[in-house]
There are 2 protein chains.
Amino acid sequence: MGYRIYIKMSIQIRFSLNEGLYLKDPQDSKLGKNIIQHSILLIDEFGFESFTFKKLAEKIGSTEASIYRYFENKHILLIFLVNWYWEWVSYLIQINTMNVSDARVKLKIIIHSFVSAPKDNPGVEYVNESKLHNIVISEGVKAYLTKDVDEENSKGFFSSYKNLANTVSHVISEINPEFKYPYALATNLFEMSNNHIYFAKHLPRLTDISVNGNNVDEAETMLNYFADKLLF
Amino acid sequence: MGYRIYIKMSIQIRFSLNEGLYLKDPQDSKLGKNIIQHSILLIDEFGFESFTFKKLAEKIGSTEASIYRYFENKHILLIFLVNWYWEWVSYLIQINTMNVSDARVKLKIIIHSFVSAPKDNPGVEYVNESKLHNIVISEGVKAYLTKDVDEENSKGFFSSYKNLANTVSHVISEINPEFKYPYALATNLFEMSNNHIYFAKHLPRLTDISVNGNNVDEAETMLNYFADKLLF
DNA sequence: TTTTTTATGATAGTATCGCTATCATTTTAA
DNA sequence: TTAAAATGATAGCGATACTATCATAAAAAA
């Protein structure tokens, strides 16, 4: 009865993250991908504090010991996830601004990319970008707000974020070469985005915007307004 | 040979914090004050994650059980400390802006108050304001970045911060009634202050300012610049 | 003062956490 | 087919985050 030919094509995005962040690259194996996938789900659902490798192991039908073969501890795993997110945002920015020459338009696209990233994108099978975004919002700063910052920073654990900040600061300087705080504005846009999406959801009296479900348009509008006012 | 008369005068500042934050008011007893004093020192020195009631108990020559009679757990203690800080900043702002009518000047004073608060002030005997400021910078956001935010917020655990944000937003609206984001700007000034002082110390490539020891003048200048640009 | 209440100290105990070690088994590569 | 690498199973250990109980000390009320 003839042939059926199945062609399985998979285009995979794969980010090269700092090698100190894992003992064995989780992107290389089924178990590794499972760890990433379900750690995102668990941290998003229960929060980073009550997340443990034991619970994760149970959830994916593996063992604590196996997970420790990939990540030194849950703190390093968090840094890994956050880096993954910023690499992904960098990637989005890169492809979305590829043929754009006007720096002002570029900045708009950049803001859109990190505020609404998960909304627009298909992404990677084993990463729920929307939940990862929530983790970055709610837990992201815990990656560097520890007594190990200096040591971890010297190992390059925060380079994804720093590179992105650098890229954005260049766009800012292109818009207004006189502006004295291009790095601060760049990082402030990121932090402000995270903070105010969180505030809108949990501490609404600390912000003026509101967020309905996944609709973060007001955040985007506000960030554009701030950037415009500061740069023009 | 006659008399010596000792007059012991102590003017005490005492903030009334949300009663849900403690089981017994630590401001009422020697042990309570000891807990506050040395928890600040320990958290500042070793970070919130590795801070435990057991270590604190050892340090003050007491026991774990006794500390648990004051605070439910270390997380609530952190919220207490952060609230104390914001109450203190509110107090500083209130007395420093008392006879100031110009809203622009007020905002400058406000910014100076929370950026440089510990530098200017004598304060309360058992609170090292400078170290408490460091804690707010490095650990402050962990007070609300947890899965218990909503519940704790409904109990009023973050009201000190919200009240302050409210006060500042009114000054902002006084300066420019057209400005659409008075609350967001208010909180952003606080967060930006904390973030960039931290960045200057630990992740300098994320900011443009530098901080030398306790000299945070560049942070203050930057915040004033941002506020001016946004409001005028 | 004496009594009663309240605050603190001393000690023990329990479940979970964070992590390491060892050995068996399965999967993959040579 | 054999060797190597990856995973699973299990145990264990010290620390954490509490809770409970009882004794003692300090403060307040009688």
Side-chain angles (χ1 to χ4, degrees), chain A residues 19-39 42-43 45-81 126 139 142-143 145-148 151-152 157, chain B residues 19-39 42-43 45-81 126 139 142-143 146-148 151-152:
Chain A
E19 295 190 358
L21 290 175
Y22 47 81
L23 302 169
K24 190 189 301 189
D25 194 330
Q27 302 179 95
D28 278 343
S29 69
K30 186 86 193 71
L31 177 60
K33 289 173 184 172
N34 253 306
I35 291 173
I36 295 177
Q37 179 175 6
H38 288 93
S39 64
L42 278 178
I43 295 173
E45 188 175 358
F46 301 111
F48 184 66
E49 276 71 37
S50 59
F51 167 78
T52 69
F53 278 3
K54 197 172 185 198
K55 289 174 189 167
L56 175 57
E58 274 160 28
K59 175 140 186 170
I60 63 178
S62 180
T63 62
E64 240 182 314
S66 296
I67 295 170
Y68 275 105
R69 285 177 187 121
Y70 284 86
F71 294 101
E72 240 177 280
N73 54 53
K74 71 171 181 172
H75 176 241
I76 303 285
L77 171 56
L78 178 64
I79 300 180
F80 180 94
L81 293 176
Y126 57 93
E139 321 284 358
K142 296 173 191 171
L145 290 182
T146 73
K147 283 287 167 183
D148 300 321
E151 201 194 324
E152 293 177 345
F157 285 9
Chain B
E19 295 190 359
L21 290 175
Y22 47 81
L23 302 169
K24 190 188 301 190
D25 194 331
Q27 300 179 95
D28 278 343
S29 70
K30 186 86 190 71
L31 178 60
K33 289 173 185 172
N34 253 306
I35 291 172
I36 294 177
Q37 179 174 6
H38 290 93
S39 64
L42 279 179
I43 294 173
E45 189 175 358
F46 301 111
F48 183 65
E49 276 72 36
S50 59
F51 166 78
T52 69
F53 278 3
K54 196 172 186 199
K55 289 176 190 166
L56 175 57
E58 275 160 27
K59 174 139 188 172
I60 63 179
S62 180
T63 61
E64 243 181 313
S66 296
I67 295 169
Y68 275 105
R69 286 176 186 121
Y70 284 87
F71 294 100
E72 241 177 279
N73 53 53
K74 71 171 180 171
H75 176 241
I76 303 285
L77 171 56
L78 177 65
I79 300 180
F80 180 94
L81 294 176
Y126 57 93
E139 320 284 359
K142 296 173 190 170
T146 72
K147 282 288 165 183
D148 299 322
E151 201 193 323
E152 292 176 346

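Letters A, B, ... are given to chains in the order of the sequence lines, protein chains preceding strands, and every chain is numbered from 1.
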**Request:** Kindly indicate, with the supporting measurements, whether the criterion salt bridge (charged side-chain N to carboxylate O under 4.0 Å, His left out) is fulfilled by B:K142 and B:E49.
**Result:** CA-CA 10 Å; B:K142 296 173 190 170; B:E49 276 72 36; 3.1 Å; yes

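Between B:I36 and B:F80 there is a side-chain heavy-atom pair separated by less than 4.5 Å. Residues A:I67 and A:K54 fail the side-chain proximity criterion, which asks for heavy atoms closer than 4.5 Å. The shortest side-chain heavy-atom distance between B:F71 and B:S39 does not fall under the 4.5 Å cut-off. Under the 4.5 Å side-chain criterion, counting only non-hydrogen atoms from C-beta, B:L42 is not in contact with B:T52. Contact check for A:I35 versus A:P26: no side-chain heavy atoms found under the 4.5 Å cut-off. Considering only heavy atoms from C-beta on, A:K147 stays 4.5 Å or farther from B:F46 through its side chain.
Within the structure, every side-chain polar atom (N or O) of A:S62 is placed at least 4.0 Å from both OP1 and OP2 of D:dT7. One finds no side-chain N or O of B:K30 lying less than 4.0 angstrom from the OP1 or OP2 phosphate oxygen of D:dA26.
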Atom pairs, N/O to N/O, protein against nucleotides 16-20 of chain D, distance under 3.5 Å?
unit_1, atom_1, unit_2, atom_2, d
D:dC18, O5', B:Y68, OH, 2.9
D:dC18, N4, B:E64, OE1, 3.2

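When the P atom of D:dT7 is taken as reference, atom NZ of A:K33 falls 12 Å away, rounded to whole Å. When the P atom of D:dA6 is taken as reference, atom CG of A:N34 falls 17 Å away, rounded to whole Å.
Using a 4.0 Å heavy-atom criterion, one finds that B:F71 contacts no nucleic acid atom at all. Here A:G32 lies out of heavy-atom contact (under 4.0 Å) with every strand.
Residues forming a ring pair (Phe, Tyr, Trp, His ring centres under 6.0 Å) with A:F51 (at least two apart in sequence, or on another chain): none.
Taking 4.0 Å as the cutoff to heavy atoms of chain B, we find the contact window on DNA chain C bounded by C:dA7 to C:dG9.
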